[in-house]
**Student:** 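For reference, the structure I am asking about is given below.
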Amino acid sequence: MDQKPSLNLSVWDADREKEFIKISEDLGVSDPISARIIGEQGQEFRLELGSIKEEGTGTLTGALRFNADSSLDLPVAGDWVLVTKLSGEEYLIHKVLPRRSLLVRKTKGETLKPDPICANMDRIFLLQGLDGDFQPRRLERTLIQIWESKATPVVVLTKKDLYLEKEEELREKIEIVRKSCPGVEVFSVSNHRREGLEELEMFWKDGSTSAFIGSSGVGKSSLLNLLIGERIRSVNEVRESDSKGRHTTTNRWMFRLDSGAWILDTPGMREIQLWSDGSGLEETFPEIFEEASNCRFQDCSHISEPDCGVKLAIDSGKISEERFKSYLKLKRELERTANLSSPNSVEFREQKAKWKSIHKEQKRMQQQRDRERYR
Ligand SMILES: Nc1nc2c(ncn2[C@@H]2O[C@H](COP(=O)(O)OP(=O)(O)OP(=O)(O)O)[C@@H](O)[C@H]2O)c(=O)[nH]1
Ligand SMILES: [Zn+2]
């Protein structure tokens, strides 16, 4: 069968059910319920209860909070969790189920601590404005992190209405971005003129879960408003009033479209601090890794070695000089963080290794599912 398997990093399926049963048994809790984190505000989480599709509010059990090795063990938007009912619509969150994708950045500052942003996203839409926000080099940095998350990146350039009289310039800019994101689909939209939205619609038809990320003011909320057909602000007000009228600043909310797809709106982040072991470099700079196979030395740094395939490709124009510079800069930054001589760098390697082995197992299970499905 040539039909591609649909994305299923987000959905509740038989494997999640199995994991859920296993974790329930391990924890020994009675009446466990599965739920998804659809909103975060401070210590409180908004939940959608798996089986009944109702919403509730969740707080962490003391055990989950105190036994957490790092913030990676605590829930984030998109997570599937095991909860028990307290009373009314209040629930206790006992455990985060294994994740199939996880977007993480490094917390600001010199320490190497992870700051998870969202989990179990099928796609992550990276929005960049065609106004003063425009900076293709910054996309490469975030793409490293998205590729490592295991979600599929999609780039959306916003505010194309600013180029109504300058179509040639617009085309050039889009072309520059395409070259900075090989293997990634690139779209351009105008929220003000409602242009370019139809091309994106295919992404919300499959009941998938996506996140919008990008600088503040790039137009994430405006685009979401168009997609859900109502003002997000008013949606938040409704939600705040049904969580007992408490007025807190909302951090991250997921919104359900009519098609059943979920979209997570995140607060603006201009530049993502890398929490990466460099594995996303290859997907972000595929042309460099491809040419590196022609280098004489396997560990060639493509700087001063003889018979360097990458240098040859730069000389012949096959690899752009700019892209190569950007690659080197990001690689050096990654090497610096990985070498930070703090206990955190040990923690970093451990956490990364843990996440990788979980993902390997997920991938194996996925392949098995696909084999069974398409047999
Ligand atoms: N010209 C133009 N302006 C837009 C477009 N989309 C949004 N804007 C404007 O950009 C500003 C920010 O839009 P938002 O949708 O609030 O941006 P955001 O990404 O949600 O910002 P944060 O919530 O701060 O992360 C507003 O003044 C919008 O009117 C667009 O397509 N074209
Ligand atoms: Zn080389």
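Atoms within a ligand are numbered from 1 in the order they appear, just like the ligands themselves. Below, all heavy atoms of this structure are taken into account, side chains as well, without hydrogens, waters or symmetry copies.
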**Student:** Does ligand 1 have an atom that lies less than 4.0 angstrom from a heavy atom of V218?
**Tutor:** yes

**Student:** In the shown structure, where waters are left out, how many protein N, O or S atoms lie under 2.8 Å from the Zn ion (ligand 2)?
**Tutor:** 4

**Student:** Please state which option from G214, P267, S222 has its nearest heavy atom closest to atom 13 (O) of ligand 1.
**Tutor:** S222

**Student:** By the definition side chain to side chain contact (heavy atoms under 4.5 Å, CB included), identify the one residue from D79, V76, V83 that meets it with I37.
**Tutor:** D79

**Student:** For T57, which of E90, Q41, R46 qualifies under side chain to side chain donor-acceptor pair (under 3.5 Å)?
**Tutor:** R46

**Student:** Evaluate the 4.0 Å heavy atom contact test for atom 26 (C) of ligand 1: does a protein atom fall under the cut-off?
**Tutor:** no

**Student:** Is a donor from one side chain sitting under 3.5 angstrom from an acceptor on the other, for S221 and D265?
**Tutor:** yes

**Student:** Given the side-chain rings of F125 and W204, with only the six-membered ring counted for Trp, is the space between their centroids under 6.0 Å?
**Tutor:** yes

**Student:** List for me each residue that meets ring pair (Phe, Tyr, Trp, His ring centres under 6.0 Å) alongside Y91, sequence neighbours excluded, and say none if there are none.
**Tutor:** none

**Student:** Enumerate the atoms of ligand 1 whose separation from the nearest heavy atom of K159 is less than 4.0 angstrom.
**Tutor:** 2 (C), 3 (N), 4 (C), 5 (C), 8 (N), 10 (O), 30 (C), 31 (O), 32 (N)

**Student:** Heavy-atom contacts with G268 under 4.0 Å: which atoms of ligand 1 show up? List them by number with element.
**Tutor:** 25 (O)

**Student:** With a cut-off of 4.0 Å, which atoms of ligand 1 are near a heavy atom of S190?
**Tutor:** 31 (O)

